[in-house]
Amino acid sequence: MALNRHLDPRLDLIVQILRLLPSTGLHDLACDHGLVAAAYASYFPHKSVYASDIAAQPLRRADDLIAQLHLTNVKCFLSDGIKEHSNLQNYDSVVIAGLSGESIWRILAADPRIAADDYHERTPLFIIAQPMQLNAKLKLALWLHDFAVLGEVLVEDKGRVQEIILIVNQPYRALDLQQIPLSDLRKFYIERTGGTILDDKNFWEKLSRWQANLPPHSPIHTDLQLIWREAIALTESERKNKEWSYLLSLLALGLQADITFAAKKAAPESLPVISRRELAACSCAGKRKYAALLLRFYETKYRYLSTKVCHAPREEQAFWQSIFRSFSD
């Protein structure tokens with residue numbers, strides 16, 4: 001498809017993941033130039049695609065692209081987040097790329113169809129998020145408010161390492177596994193990207209128990225700073241609960257740290273740690289390359305938190321610093 005030439009690695013990877021999901025339609029939020037919506041609509045001319053942006057100028061660019069490609073299954077319109085998307089269907093796909101983790105969470109949390117306090121009242125959706133920063137806080141907010149992170153992958157684009165997160169707005173214990181093509185996703189994530197998809201039944205059940213047994217938390221909140229403080233307080237009150245401490249570290253590090261270095265078999269009470277020397281010992285060249293990419297991702301996030309003090313409480317900076325040290329040997 002000619003449009004592929006215009007997709008950068010980040011957007012191309014998002015489209016590839018979208019193609020594996022059994023969705024009836026796509027909602028591309030903050031669509032900017034409309035490349036993701038146009039690519040998806042070209043692959044699936046029988047599916048409905050909705051592309052929106054809060055600003056008129058990028059939406060005009062998206063409209064022009066749709067017209068040039070003669071796509072008849074795409075509707076472009078102004079919308080603040082997902083407010084004007086009235087056609088959400090069960091297991092539609094939603095894409096939010098290129099915003100901060102905080103902006104992504106505000107968009108998700110503001111709509112009860114996505115983030116009602118009672119998850120039974122939500123429309124179940126596949127959500128692909130690509131935060132430019134505050135990734136850990138976004139995943140923590142998702143976890144504490146009954147969302148499930150299914151997979152993560154890193155991609156290098158224009159010299160930066162970006163993370164693409166696959167989410168369902170249901171808790172792990174309530175997911176309809178018949179709706180999720182885990183085997184296809186796993187094959188793609190491992191063979192094409194080196195990323196990780198959560199398909200281990202035992203680990204899935206463990207995550208379900210952890211999420212279900214969390215102490216009561218406040219209703220859906222959009223402030224990531226507040227959510228992080230709540231998590232720190234929860235960690236203090238649950239100091240003897242090694243599983244919760246490990247889970248918190250896993251959310252911040254990402255699933256990659258646990259699965260990319262699976263051979264290390266980190267104990268449940270410890271951080272998944274690997275040193276630079278161990279990177280060279282990875283048996284698979286693709287895995288070694290991905291491990292190096294993961295290291296660069298952590299270094300970037302640590303530097304960001306060190307400079308953006310307004311976004312990083314002392315506890316969070318100390319946490320990332322401990323991670324960074326573990327890679328310095």
Side-chain angles (χ1 to χ4, degrees), residues 7 10-41 43-44 47-54 58-59 62 66 73-116 119 121-132 134-135 138-139 141-143 145-153 162-171 174-176 179-181 185 197 220 222:
L7 293 176
R10 173 180 63 101
L11 298 182
D12 183 57
L13 190 55
I14 289 173
V15 172
Q16 290 182 60
I17 296 171
L18 284 170
R19 292 177 64 189
L20 294 173
L21 299 176
S23 302
T24 56
L26 169 66
H27 301 260
D28 186 6
L29 312 184
C31 70
D32 195 18
H33 33 53
L35 286 171
V36 169
Y40 185 85
Y43 282 117
F44 300 106
K47 294 188 178 183
S48 298
V49 179
Y50 306 92
S52 69
D53 203 285
I54 196 172
L59 201 63
I66 300 306
N73 57 330
V74 184
K75 293 182 180 180
C76 299
F77 49 91
L78 289 170
S79 180
D80 183 2
I82 202 168
K83 290 179 182 177
E84 304 304 322
H85 290 249
S86 58
N87 296 315
L88 278 180
Q89 304 294 321
N90 284 359
Y91 291 102
D92 273 359
S93 292
V94 174
V95 171
I96 317 178
L99 305 179
S100 72
E102 184 155 19
S103 296
I104 291 173
W105 176 245
R106 287 184 185 278
I107 289 172
L108 297 177
D111 196 305
R113 295 172 298 172
I114 298 178
Y119 72 85
E121 298 175 4
R122 302 175 185 174
T123 301
L125 302 166
F126 293 109
I127 301 167
I128 295 180
Q130 184 267 303
M132 301 300 287
L134 303 180
N135 308 51
L138 170 62
K139 284 184 280 187
L142 294 168
W143 178 271
H145 295 298
D146 283 335
F147 287 65
V149 174
L150 297 184
E152 298 167 330
V153 64
Q162 306 287 2
E163 181 181 32
I164 298 170
I165 310 169
L166 176 60
I167 305 155
V168 176
N169 62 332
Q170 300 282 297
L175 289 182
D176 183 354
Q179 294 286 343
I180 303 173
L185 284 166
I197 188 74
I220 296 291
T222 60

Which is it for V153 and I17 under the side-chain contact (heavy atoms from CB on, under 4.5 Å) test, yes or no, and what are the steps along the way? CA-CA 10 Å; V153 64; I17 296 171; 4.3 Å; yes
So how far is it from [X] [atom1] to [Y] [atom2], rounded to the nearest 0.5 Å?
X	Y	atom1	atom2	answer
L59	F77	CG	CZ	9.0 Å
Q16	I14	CD	CD1	11.0 Å
Q170	I180	CD	CD1	9.5 Å
S93	L20	OG	CG	10.5 Å
L185	L166	CG	CG	6.5 Å
F126	L18	CZ	CG	10.5 Å

Would you say the side-chain atoms of R113 pair up with the backbone N or O of P124, donor to acceptor, closer than 3.5 Å?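 It does not hold such a pair.
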Does I114 offer a backbone N or O that forms a donor-acceptor pair with the side chain of N169 under 3.5 Å?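 Yes: the side chain of N169 pairs with the backbone of I114.
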What residues, two or more places apart in sequence or in another chain, satisfy salt bridge (Lys or Arg N to Asp or Glu O under 4.0 Å) together with D92?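 For D92, no residue satisfies salt bridge (Lys or Arg N to Asp or Glu O under 4.0 Å) once neighbours in sequence are set aside.
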Using the test salt bridge (Lys or Arg N to Asp or Glu O under 4.0 Å), find all partners of D80 that sit at least two apart in sequence or belong to another chain.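 Residues passing salt bridge (Lys or Arg N to Asp or Glu O under 4.0 Å) with D80: K83.
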Take the angle between the ring planes of W105 and H145 and call it parallel below 30°, perpendicular above 60°, tilted in between.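 W105 vs H145 ring planes: parallel.
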Just say parallel, tilted or perpendicular for the rings of Y50 and H85, cut-offs at 30° and 60°.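 If you compare the ring of Y50 with that of H85, the planes turn out perpendicular.
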Which atom names give the shortest non-hydrogen contact between [X] and [Y], and what distance separates them?
X	Y	result
V74	I66	CG1-CD1, 3.8 Å
A37	L26	CA-CD2, 4.1 Å
S23	Y40	O-OH, 4.0 Å
I107	I82	CG2-N, 4.2 Å
A30	D53	C-OD2, 3.3 Å
L138	P131	CD2-CG, 4.0 Å

Between K139 and E152 (salt bridge meaning N to carboxylate O under 4.0 Å), is one present in this structure?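 Between E152 and K139 there is a salt bridge, with a charged N closer than 4.0 Å to a carboxylate O.
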Could you walk me through whether L88 and H27 pass the side-chain contact (heavy atoms from CB on, under 4.5 Å) check? CA-CA 8 Å; L88 278 180; H27 301 260; 3.5 Å; yes
Side-chain heavy-atom pair [X], [Y] within 4.5 angstrom cut-off:
X	Y	answer
V15	Y43	yes
L78	I54	no
L29	V94	yes
D176	Y91	yes
P22	P181	yes

So for atom NZ, which belongs to K47, do other residues, nucleotides or ligands contribute more than 12 heavy atoms lying within a distance under 6.0 Å?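 More than 12 heavy atoms, drawn from other residues, nucleotides or ligands, come within 6.0 Å of this atom.
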Could you give all pairs that pass the salt bridge (Lys or Arg N to Asp or Glu O under 4.0 Å) test and reach residues 17-35, with sequence neighbours left out?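 Qualifying pairs, neighbours excluded: D32-R61.
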Would H33 and L11 satisfy side-chain contact (heavy atoms from CB on, under 4.5 Å), going step by step from the backbone distance to the final call? CA-CA 11 Å; H33 33 53; L11 298 182; 3.6 Å; yes
Could you please spell out the steps behind the side chain to side chain donor-acceptor pair (under 3.5 Å) verdict for Q130 and R10? CA-CA 9 Å; Q130 184 267 303; R10 173 180 63 101; 2.6 Å; yes
I167 and its side-chain contact (heavy atoms from CB on, under 4.5 Å) partner, picked from I127, L150, I96, L125: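 When side-chain contact (heavy atoms from CB on, under 4.5 Å) is applied between I167 and each of I127, L150, I96, L125, only I127 qualifies.
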